[in-house]
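Source: prediction; values computed, not measured.
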Amino acid sequence: AKHVHEIGCGEGFLSTMLAQSGFAVRGSDISPAAVAIARRRAAELGLTATFRVGDLHDLSPPRDGAELVVCCEVLEHLSEPARALALLARLAQPHLIGSVPREPLWRLLNMARARYWAALGNTPGHLQHWSARSFLGLLENHVEVREVRTPLPWIMALCRRR
């Protein structure tokens, strides 16, 4: 089975789907509460996916690298996304999937559903905001972008370590 490390796995939705598809999955997240839910979800499904609490910046390639590193809906929460992306590129052995909300569409959709009006549609905790072009520019500083998908309202990129 291919080895996958989902960084910022949250409650394990994507990790458990990958494990159900036959991947050897481990996940990490900074939230102990989210990791507890991910562990419970995997156990209830009889999956061998493993989860641990940890900060992205404390990960190391020898211990935490994987054939596929997945980092979805994380970078927009970080004050130094380029620093995080440099580490993600080292963890990817050789592939990385990264995803962020596409702006300004994300904020407009939030406002259309009457959410976060006082913040002009900005989701709490989102420190970074990228258009498809600006996110791909950030990625290209660290990895080779192989394929891009833009399902509404996200930007998703399959990348390869250089």
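- Atom CG of L158 sits about 6.0 Å away from atom CD of E147, to the nearest 0.5 Å.
- Here the NE2-CD distance, from H77 to Q128, works out to 10.5 Å after rounding to the nearest 0.5 Å.
- Under the 4.5 Å side-chain criterion, counting only non-hydrogen atoms from C-beta, R113 is not in contact with L109.
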Counting only pairs under 3.5 Å, give me each side-chain donor-acceptor contact of residues 48-59, with atom names and distances, residues two or more places apart or in other chains.
from : atom 1 : to  : atom 2 : distance (Å)
R52  : NH2    : D64 : OD1    : 2.7
R52  : NH2    : D64 : OD2    : 3.3
D55  : OD1    : H57 : N      : 2.7

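- Hydrophobic clustering places M17 together with L68 (ILVMFWY residues linked when any side-chain heavy atoms are closer than 4.5 Å, directly or through intermediates).
- For the pair S31 (side chain) and A34 (backbone), a donor-acceptor distance under 3.5 Å is present.
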Side-chain donor-acceptor pairs under 3.5 Å in residues 78-90, sequence neighbours left out?
from : atom 1 : to  : atom 2 : distance (Å)
E80  : OE2    : R83 : NH1    : 3.4
R90  : NH1    : A86 : O      : 3.4

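- Contact of the R102 side chain with the T150 side chain is registered, since non-hydrogen atoms from C-beta on lie closer than 4.5 Å.
- Around the CZ atom of R133, the shell of radius 6.0 Å holds no more than 12 heavy atoms that belong to other residues, nucleotides or ligands.
- The line from SG of C72 to CE of M156 is 5.0 Å long, rounded to the nearest 0.5 Å.
- For the side-chain contact (heavy atoms from CB on, under 4.5 Å) criterion with F23, the lone passing option out of E67, E6, K2, H3 is K2.
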Stepwise side-chain contact (heavy atoms from CB on, under 4.5 Å) test for L47 and Q20: CA-CA 7 Å; L47 301 171; Q20 287 174 315; 3.8 Å; yes
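- In this structure, Q93 and P61 have side chains that are in contact, with non-hydrogen atoms separated by less than 4.5 Å.
- Tracing side-chain contacts under 4.5 Å through hydrophobic residues (I, L, V, M, F, W, Y), one reaches L14 starting from I97; they form part of the same cluster.
- Side chains of E76 and W106 form no contact here, defined as non-hydrogen atoms less than 4.5 Å apart.
- No side-chain heavy atom of R149 sits under 4.5 Å from any side-chain heavy atom of W154.
- Residue N122 forms a side-chain contact (heavy atoms from CB on, under 4.5 Å) with just one option from H129, M111, R115, and that option is H129.
- R39 CZ to C9 SG: the interatomic distance, rounded to the nearest 0.5 Å, is 9.0 Å.
- Legend: residues meeting side-chain hydrogen bond (donor to acceptor under 3.5 Å, both in side chains) with S131, ordered by chain and number and at least two apart, are S134.
- Y116 does not carry R107 over the face of its six-membered ring by the limits of under 6.0 Å from the centre and within 45° of the normal.
- The side-chain hydrogen bond (donor to acceptor under 3.5 Å, both in side chains) test applied to W130 returns no partner, not counting sequence neighbours.
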CA sep, side-chain torsions, deciding dist, call: L91, H5, side-chain contact (heavy atoms from CB on, under 4.5 Å): CA-CA 9 Å; L91 294 170; H5 184 172; 5.7 Å; no
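- Partners of E44 by side chain to side chain contact (heavy atoms under 4.5 Å, CB included), not counting sequence neighbours, listed by chain and number: R40.
- Linking Ile, Leu, Val, Met, Phe, Trp and Tyr residues whenever their side-chain heavy atoms come within less than 4.5 Å leaves V100 and V70 in two separate clusters.
- The nearest pair of heavy atoms linking N110 to G121 is ND2-O, 2.8 Å.
- Linking Ile, Leu, Val, Met, Phe, Trp and Tyr residues whenever their side-chain heavy atoms come within less than 4.5 Å leaves L18 and L96 in two separate clusters.
- A chain of hydrophobic side-chain contacts below 4.5 Å, direct or via other Ile, Leu, Val, Met, Phe, Trp or Tyr residues, connects L136 to V74.
- Judged as a side-chain hydrogen bond (donor to acceptor under 3.5 Å, both in side chains), and not counting sequence neighbours, the contacts of R160 are H95.
- Going from atom CD1 of I7 over to atom CD1 of I30 covers 12.5 Å, rounded to the nearest 0.5 Å.
- Expressed to the nearest 0.5 Å, how far CG of L75 lies from CG of L139 amounts to 8.0 Å.
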